[in-house]
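FYI, the numbering just counts along the sequence from 1.
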Amino acid sequence: MAVHCIVPARMGSSRFPGKPLIDLCGKSMIVRTLERALLAECFDTIVCATDSEKIADVVYGAGFDFILTGECATGSDRVAEAARALDLDLVVNLQGDEPLVDPNLLCRVAEELETYPQDWVTVACPLKREEAMLKTVVKVLVKDDYAVDFSRTVLPEEAPCWFQHQGIYAYSREARDEFSSLPQNPLELERSLEQMRILGKRPIRIVHSASPSISVDVPSDAQSVKYLLRNGL
């Protein structure tokens with residue numbers, strides 16, 4: 001079956017406003033993320049879903065497709081709106097702040113979605129103990145390759161039981177429509193984690209990665225990405 005990639009991006013990030021258009025060694029972050037999706041060579045469609053004409057102009061100027069959406073509560077709501085407009089079924093949601101994501105990992109996620117289209121699919125990697133209390137690093141508790149909880153902080157002594165969550169989701173039309181039809185629940189709002197809306201209602205299957213890519217959540221993350229790009233890592 002065909003698998004597509006939608007990259008949601010907005011200008012109004014509460015922790016880092018305007019971050020999709022920050023310069024990362026000569027290219028904007030949104031363009032670098034789209035280029036990683038292209039390198040995966042496993043998607044029939046790659047499109048940026050955004051509510052910003054500025055982002056759309058940059059994306060179009062770099063040779064990528066875009067679709068304008070309305071205001072959306074979360075990235076998955078934005079992807080759901082875009083996928084409905086484009087009449088897509090299987091979609092990988094690559095969040096726009098993943099400019100160094102491994103293309104091979106994206107292929108593994110796409111393959112897992114094809115195999116388990118009834119599930120949500122997402123990614124986890126080993127959690128560093130020193131990041132247990134860091135709120136910008138999302139944690140996932142995994143049992144038998146499925147997520148059982150997500151949190152922004154865990155006690156350092158509990159870190160070996162948890163994994164770091166990475167900003168990739170994949171889902172079918174049915175799973176997205178189910179998600180977008182549900183109201184935001186208290187845990188989703190409290191933790192600012194969209195996956196809490198669907199956890200317990202639909203299985204969230206985990207693809208394991210040996211190492212994380214750097215999600216750009218705050219300005220210091222951008223500096224880390226620039227360092228890696230300059231050193232060819």
Open item on the list: Ignoring hydrogens, what is the shortest heavy-atom contact between S215 and D221? Give both atom names and the distance.
Closed with: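 Scanning both residues, the minimum pair turns out to be O-OD2, 3.3 Å.
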- [ ] Please report the shortest heavy-atom distance between P126 and S209, naming the atom on each side.
- [x]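 So the two residues come closest at CD-O, 3.3 Å.
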Is the backbone of [Y] close enough, under 3.5 Å, to the side chain of [X] for a donor and an acceptor to pair up by distance?
X    : Y    : result
R36  : V101 : yes
D119 : V121 : no
K139 : L127 : no
R10  : D51  : no

Open item on the list: Parallel, tilted or perpendicular, judged at 30° and 60°: which one describes the rings of Y171 and W120?
Closed with: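 Y171 and W120: perpendicular rings.
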Carboxylate-amine/guanidinium contact [X] [Y], below 4.0 Å:
X    : Y    : answer
R202 : E178 : yes
D87  : R173 : yes
E112 : R205 : yes
D77  : R197 : yes

Task: E174 atom CD, neighbour heavy-atom count above 12 within 6.0 Å - done: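 Counting neighbours around CD of E174, 12 or fewer heavy atoms of other residues, nucleotides or ligands fall under 6.0 Å, so no.
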- [ ] For D23, look at atom CG and say whether over 12 heavy atoms of other residues, nucleotides or ligands are found less than 6.0 Å away.
- [x]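 More than 12 heavy atoms, drawn from other residues, nucleotides or ligands, come within 6.0 Å of this atom.
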- [ ] To the nearest 0.5 angstrom, please state how far the CE atom of M133 sits from the CG atom of L155.
- [x]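 Spacing of CE (M133) from CG (L155) equals 6.5 Å.
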